[in-house]
Every structure is written in structure tokens, then in C-alpha cells.
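Structure record follows, encoded as C-alpha cells.
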Amino acid sequence: MDKADISWLLVSTLLVLMMAVPGLALFYGGLVRSKNVLSVLMQVLCTFALGVVLWFIYGYSLAFTEGNAFFGGFSRVFFSGMFTPADGSYAMSASLTEILFASFQATFAGITCALIVGSFAERVRFSAVLVFTAIWFTFAYVPIAHMVWFVSETAPGLMNAKGALDFAGGTVVHINAGVAGLVGAYVIGKRVGYGREAMQPHNLPMTYIGAMLLWVGWFGFNAGSSLAANEGATLAFFNTMVATAGAVLAWTLTEWSLKGKPSMLGAASGAIAGLVGITPAAGLVGPVGALVIGVVAGVICVWGVNGLKRMLRADDALDVFGVHGVGGIVGALLTGVFNAKALGGPGLDSVGAIAGQVWVQLEGVLLTIIWSGIVAWIAYKIADMLCGLRVPEDQEREGLDVTSHGESAYHS
């Protein structure tokens, strides 16, 4: 047991919690119309909470214990065997108590579930959100986490065995959630009045506060994924800072040149794009590579929320796929490039190995897109059959705060 490692992971777990329930909630809450802000806060909070509880019951066990290439086993259901009250002993995972490692990973599971709600904001039944989340968590998040992150000499996860690199969740979190959100935008359909009525964010200062809480919390997400207070954590820490700063500037300058004015929403979105892009690479590239990844993610995600969104013709309300899906893909692929020692990374010994690593990264990206997409489509259909996905049109026009939750965020 290393007390420094435990201290850092305790703090990192708290930082990821801060990312979700205030950070993500406020970021999303400011982007919707005032009549729906409480519904988004509720969806973020409750999907996060549901993900944590399911992680405790069976998710961790199926993701991080021996099994096959796709799922683990049931030896750690309800965190069984991690703590023995009779003698006060704890199971260990390297220098950490296993219960702390599992707690850290619980926040990842929770925030991934919460990310998805941005795609179908302002039009979905609350009960359907919870049903969908339970199904998608079980059959998409858990197996992809196992496939990418479970290390074993006898039965590693499918992509882990192939050598796929994902330091903190480019595929497991961001592409996974982005694809599920995009599928939801298609299955549920566009908001009433979409494309004909103004649907401007109602509170951009709220969104800014949420974005900056996400940036601060993301240091726990990325540097915490080193799972120790060590040199790798310090590399991931700075990479998270410089990539995000680069993406803020890249998005701002790109938007400025295209639209004539730099927007605060664009700068804040650039921060998120940079954070998403550096997530899979954080401890696996050098600082120069991190800056390049941040800049590229910032520029490409501008296209993701504008050009690509028009091409896809989906009402991805808060651009979950345009930022998290696209940024995750950019980061996952470029991790395979800048991991090379010749380009400042700590990994690949030769430039010639880059092509092979990028191919493995692409396999992981495509597997995540297909797997998450199919599971999400089935999960939405089941939720629709059980409780109906979409609220009636009159309730959607009145707003979900009052019609679904009996509350109003603002009173005149």
C-alpha cells in the first residue's frame, strides 16, 4: 500500500465526481431553454447515480475480473471480497486498495451514462432515460471497458490483447457515449420546431461555469488514470493543461475566421473538445504531441458541430457526438501517432511502428462505434416499448421542468 497513491486517487475520484454533478450538469443546463433546465440537471444527476449503483452491484465485476474477451465474471458483485470486516483486511490492486480503484472507475461509469443525455435533451420521458441507461450501461459500457482496459495474462480484454491504447477513456467513455447519443437523436427524432424556431442556450454563464468545472475535474480523470502519484501522472497532468489550452485557441480562431466573431460558447466548447481529444493520449504522448492533439481536436470539432451535424441531419441537441464522438476519434487515432518516441512519446520505439498502432487504434474506434450503436438502438427500442421514449407534443412545448418534474427553475 502506498499512501501517496491512495491520497491522489481519493482526490482524483472527487475531481471526476465534480466533473459530472456539478460540471456536466451546469454545462448542459445552460445550453437548453429555460423551460427544460431542471430536467437536464435531473437526468445528469440520476443517470450518474444509476451508473454508480449498477457499477457497485455488478458492473465492476463484469468489467474488471477474469472472464473472456468481452465480459468478466461475478466474483466481485457488490464489491465482494474487497473488504473483510472480520479482520479489517482490504484486497489490493497494485499499490491501491481495490475498493478505491473500483470507486474511481465508478465515477467513469457514471459520467459516461450522463454524457449521453445531451443528445436527446428537451424531449424524452424521464422514465425512458433511466430504462435506456440501465440497458446501455450493462451491454455497452461494461463490455467495452472490459475489452479495452482489462489486463490479464490468461484472458485479457479483446482490444487490450491487441495492444489498443486508451489512457483514460477515448473509446470507453467519449466515443461510446457519443455514438449512443447520436443513435438516440435519430431514434427519438427532432425537437418540436427544430430548424424553424429559435432554440438558443438560455444561460451561457452557467455553461461557462460548467465547462471550467469540467476542465479542473478532468485532471483527476486523466492524471488520476495513472493510478499512482508518479511520473506518469505529472505527464498526463500537463498534457491535459496544454492540449485544452491549445484547443480553446484553435476553436476560437477557427470560429472567428468562419463566422466573423469569436464566441464564448465556442471557446468553452473548444476546452471540452481538447479535453476529450487528450483523454486517450494523456499519459501516452509527450507535451508537443498533446498540444497538436488539442489543436487538431479543436479545429475538427468545429466542423463536427457545424458541417458534420448538417450532413447527419440529426438533432443532437447539445452536440454530444460532434464533440465527444468526433473528439474521441481524433484523440484515439492520434494517440497511435504521437505515442512514438521519435515524436516525443514514451511508447513506440520506431516511426515504422506508427502505422500498425494507428490500425489497432482504428479497430478499437470501429468496434466501439458498432457495438455501442447496436446496443443503444436496442436499448432505445426497449425503453420505448416499456414506457414510451418521447413526451407528448403539448408537454414538450410547455417544457419538461413543469410537466415531468413539477418544478420551475425561474419565477417571474
Side-chain angles (χ1 to χ4, degrees), residues 5 8-9 11-20 23-24 51 55 63-64 94 96 100-115 141 144-151 157 159-160 164-178 214-244 247 271-287 289-290 293-294 297 323-325 327-336 338-339 345-347 361 364-365 368:
D5 292 349
W8 172 233
L9 260 290
V11 172
S12 294
T13 303
L14 282 174
L15 286 169
V16 183
L17 177 64
M18 187 181 76
M19 288 173 65
L24 183 66
W55 187 253
F64 283 103
L96 307 168
L100 175 55
F101 171 71
S103 301
F104 180 61
Q105 290 296 335
T107 59
F108 280 62
I111 197 171
T112 307
C113 293
L115 283 171
Y141 183 81
I144 290 175
H146 182 82
M147 283 188 269
V148 174
W149 281 338
F150 184 67
V151 181
M159 293 311 301
N160 190 274
L165 301 174
D166 188 352
F167 191 76
T171 50
V172 180
V173 176
H174 297 292
I175 300 173
N176 209 0
L214 281 163
W215 190 354
V216 175
W218 223 292
F219 288 97
F221 199 80
N222 284 356
S225 290
S226 187
L227 303 178
N230 60 12
E231 299 93 329
T234 63
L235 177 63
F237 194 99
F238 181 72
N239 285 348
T240 301
M241 188 185 304
V242 73
T244 310
I272 305 304
L275 289 162
V276 170
I278 197 58
T279 290
L284 301 173
V285 302
I293 289 172
V323 174
H324 294 274
I329 292 168
V330 169
L333 297 178
L334 290 182
T335 299
F338 290 101
N339 182 245
Q361 298 300 103
V365 167
T368 304

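Values in this document were obtained by computation on a predicted structure and should not be read as measured data.
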Note, [X] side chain near [Y] side chain (heavy atom, < 4.5 Å):
{"X": "Ile111", "Y": "Phe221", "answer": "yes"}
{"X": "Asp5", "Y": "Leu227", "answer": "no"}
{"X": "Thr279", "Y": "Trp218", "answer": "yes"}
{"X": "Ile293", "Y": "Phe338", "answer": "yes"}

As an exercise, state the distance from [atom1] of [X] to [atom2] of [Y], rounded to the nearest 0.5 Å.
{"X": "Gln105", "Y": "Leu100", "atom1": "CD", "atom2": "CG", "value": "10.5 Å"}
{"X": "Leu17", "Y": "Ser103", "atom1": "CG", "atom2": "OG", "value": "11.0 Å"}
{"X": "Phe238", "Y": "Asn222", "atom1": "CZ", "atom2": "CG", "value": "14.0 Å"}

### Task
Hey, could you give me each pair passing side-chain hydrogen bond (donor to acceptor under 3.5 Å, both in side chains) that has a residue in residues 165-178? Not counting sequence neighbours.
Asp166-Thr171, His174-His324, Asn176-Ser372

### Query
Aromatic rings Phe150 and Phe64: how do their planes relate, parallel, tilted or perpendicular, breaks at 30° and 60°?
perpendicular

### Task
Report the relative orientation of the aromatic rings in Trp55 and Tyr141; use parallel for angles under 30°, tilted for 30 to 60°, perpendicular for over 60°.
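Ring orientation of Trp55 relative to Tyr141: perpendicular.
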
[X] to [Y] - nearest heavy-atom pair and separation:
{"X": "Pro280", "Y": "Gly331", "answer": "CG-C, 3.5 Å"}
{"X": "Thr335", "Y": "Ala281", "answer": "OG1-CB, 3.2 Å"}
{"X": "Ala247", "Y": "Gly274", "answer": "CB-CA, 3.3 Å"}
{"X": "Phe167", "Y": "Ser225", "answer": "O-CB, 3.5 Å"}
{"X": "Thr240", "Y": "Ile278", "answer": "CA-CG2, 4.2 Å"}
{"X": "Ala168", "Y": "Phe108", "answer": "O-CE2, 3.2 Å"}

Side-chain ([X]) to main-chain ([Y]) donor-acceptor, under 3.5 angstrom:
{"X": "Asn239", "Y": "Ala282", "result": "yes"}
{"X": "Gln361", "Y": "Leu165", "result": "yes"}
{"X": "Asn160", "Y": "Met147", "result": "no"}
{"X": "Asn339", "Y": "Leu284", "result": "yes"}
{"X": "Ser226", "Y": "Ala223", "result": "no"}

### Task
Using the side-chain contact (heavy atoms from CB on, under 4.5 Å) rule, take Leu275 and Trp215 through it: C-alpha gap first, then chi angles, then the decisive distance, then the call.
CA-CA 7 Å; Leu275 289 162; Trp215 190 354; 3.8 Å; yes

### Residues in side-chain hydrogen bond (donor to acceptor under 3.5 Å, both in side chains) contact with Thr244, at least two apart in sequence or another chain
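Scan of Thr244 (side-chain hydrogen bond (donor to acceptor under 3.5 Å, both in side chains), adjacent residues dropped) gives none.
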
